[in-house]
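Just so you know, these numbers use all the heavy atoms, side chains as well, and skip hydrogens, waters and symmetry mates.
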Amino acid sequence: MDMNVDELVKLSEAWLPVVLEYSGKLALAVVTLLIGWWLISRLTSTIGGLLEARKVDRALSSFIGSLVSIVLRILLLISVASMIGVETTSFIAMIGAAGLAIGLALQGSLANFAGGVLIMLFRPFRAGDWIEAQGVSGSVDHIQIFHTTLKTADNKVVIVPNGSLSNGHITNYSREPRRRADINIGIDYSSDIKRAREVLLEIAQDPRVQADPAPVVFVTGLGDSAVNLSLRVWVATGDFWPVTFAFTELAKERLTEAGIGIPFPQRVVHLAKAE
């Protein structure tokens, strides 16, 4: 019994300093991790506030905040690991090897990351722009590291990967300050084209329509049952849809008042009498 007590005392004398040392390091590491995580969150929020105060583009501000947060958290984890006795060099080598394996497995995510960097460098669109890409159109809400969030006209949220977005066709409807609105309408073959042109140009006498280039009306084609006309006016980008909707309705009303017919698809059926 005395031997067992002595052995226990010797064992405690050998391990107690080690336990105390590592428990202290572990406690310090946990505290450092918690405080560091909180400080990184505060720093990221502060950076976002500073960028917003300097009127930096919202998409760029969001991207920078996400990138800074991820980098600082990785550095914090490496520092905490070194505090509890993990060799930093071997740890970094292990991270490198794991990164290579993860990179091979997540090629799509890395492509999305590279796409996000390209989008932020070349700026094909900004937050708030209305774009069409990858078969969807909407207003750019956020540009993150791996994806871009769009809001459609009916307020649906669409998340588009940056990789495919940066490598595909992008139509930006908001980049230029003005756009051309085309009001297409068909009239009867028996109608007077010159009179129809006068009526459509009268509609274009609207303060939202720009004088240069001047509004024009073209005959764009001869259809099966109609002469196709197109009223083309230049307006501010923000007025494009209001003008398009209003002028389409006015064209129908004014042409009808002027006695100019607007044909519609119809079918003639002949009934044969049975003998």
Point to revise | Qualifying residue for side chain to side chain contact (heavy atoms under 4.5 Å, CB included) with Leu43, from Ile40, Leu39, Ile47 | key: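 The option that passes is Ile47.
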Can you name the nearest heavy-atom pair linking [X] to [Y], along with the distance?
X	Y	result
Ala196	Leu229	CB-CD1, 3.8 Å
Ile193	Val219	CG2-CG2, 4.0 Å
Val140	Arg126	CB-O, 3.4 Å
Val235	Val209	CG1-CA, 4.1 Å
Gly168	Gln134	CA-NE2, 3.9 Å
Arg208	Phe247	NH2-CE1, 4.4 Å

Transitive ILVMFWY side-chain link [X] to [Y], under 4.5 Å:
X	Y	answer
Ile131	Leu118	yes
Leu77	Ile35	no
Leu200	Tyr189	yes
Trp38	Val30	no
Phe125	Trp130	no

Exercise for review: Return yes when atom CD of Glu132 has more than 12 non-hydrogen atoms of other residues, nucleotides or ligands closer than 6.0 Å, and no otherwise.
Suggested key: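 Yes, the 6.0 Å shell around CD holds more than 12 heavy atoms from other groups.
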Is a side-chain N or O of [X] found less than 3.5 angstrom from the main chain of [Y], in a donor-acceptor match?
X	Y	value
Arg254	Val199	no
Thr237	Glu176	yes
Ser230	Asn184	no
Thr220	Asn228	yes
Asn112	Gly163	yes
Asn172	Pro124	yes
Asn162	Gln144	yes

In Å, rounded to the nearest 0.5 Å, how long is the span from [atom1] of [X] to [atom2] of [Y]?
X	Y	atom1	atom2	answer
Trp234	Arg178	CH2	CZ	5.5 Å
Phe245	Ile183	CZ	CD1	10.0 Å
Asp129	Arg123	CG	CZ	9.5 Å
Arg73	Ile70	CZ	CD1	9.0 Å
Ile119	Thr148	CD1	OG1	4.5 Å
Ser225	Ile262	OG	CD1	12.0 Å

Practice item. Could you check Thr256 against Lys252 for side chain to side chain donor-acceptor pair (under 3.5 Å), going step by step and ending with a plain yes or no? Key: CA-CA 6 Å; Thr256 300; Lys252 167 63 173 66; 3.2 Å; yes
Check your understanding: Going through the checks in order, is the side-chain contact (heavy atoms from CB on, under 4.5 Å) test met by Val227 and Leu222?
Key -> CA-CA 5 Å; Val227 178; Leu222 303 176; 4.1 Å; yes
Exercise for review: Show your reasoning for whether side chain to side chain donor-acceptor pair (under 3.5 Å) applies to Thr152 and Asp154.
Suggested key: CA-CA 5 Å; Thr152 63; Asp154 54 351; 2.5 Å; yes
Practice item. Take Asp192 and Ile260 through the side-chain contact (heavy atoms from CB on, under 4.5 Å) test and state the conclusion after the steps. Key: CA-CA 8 Å; Asp192 186 349; Ile260 299 173; 5.9 Å; no
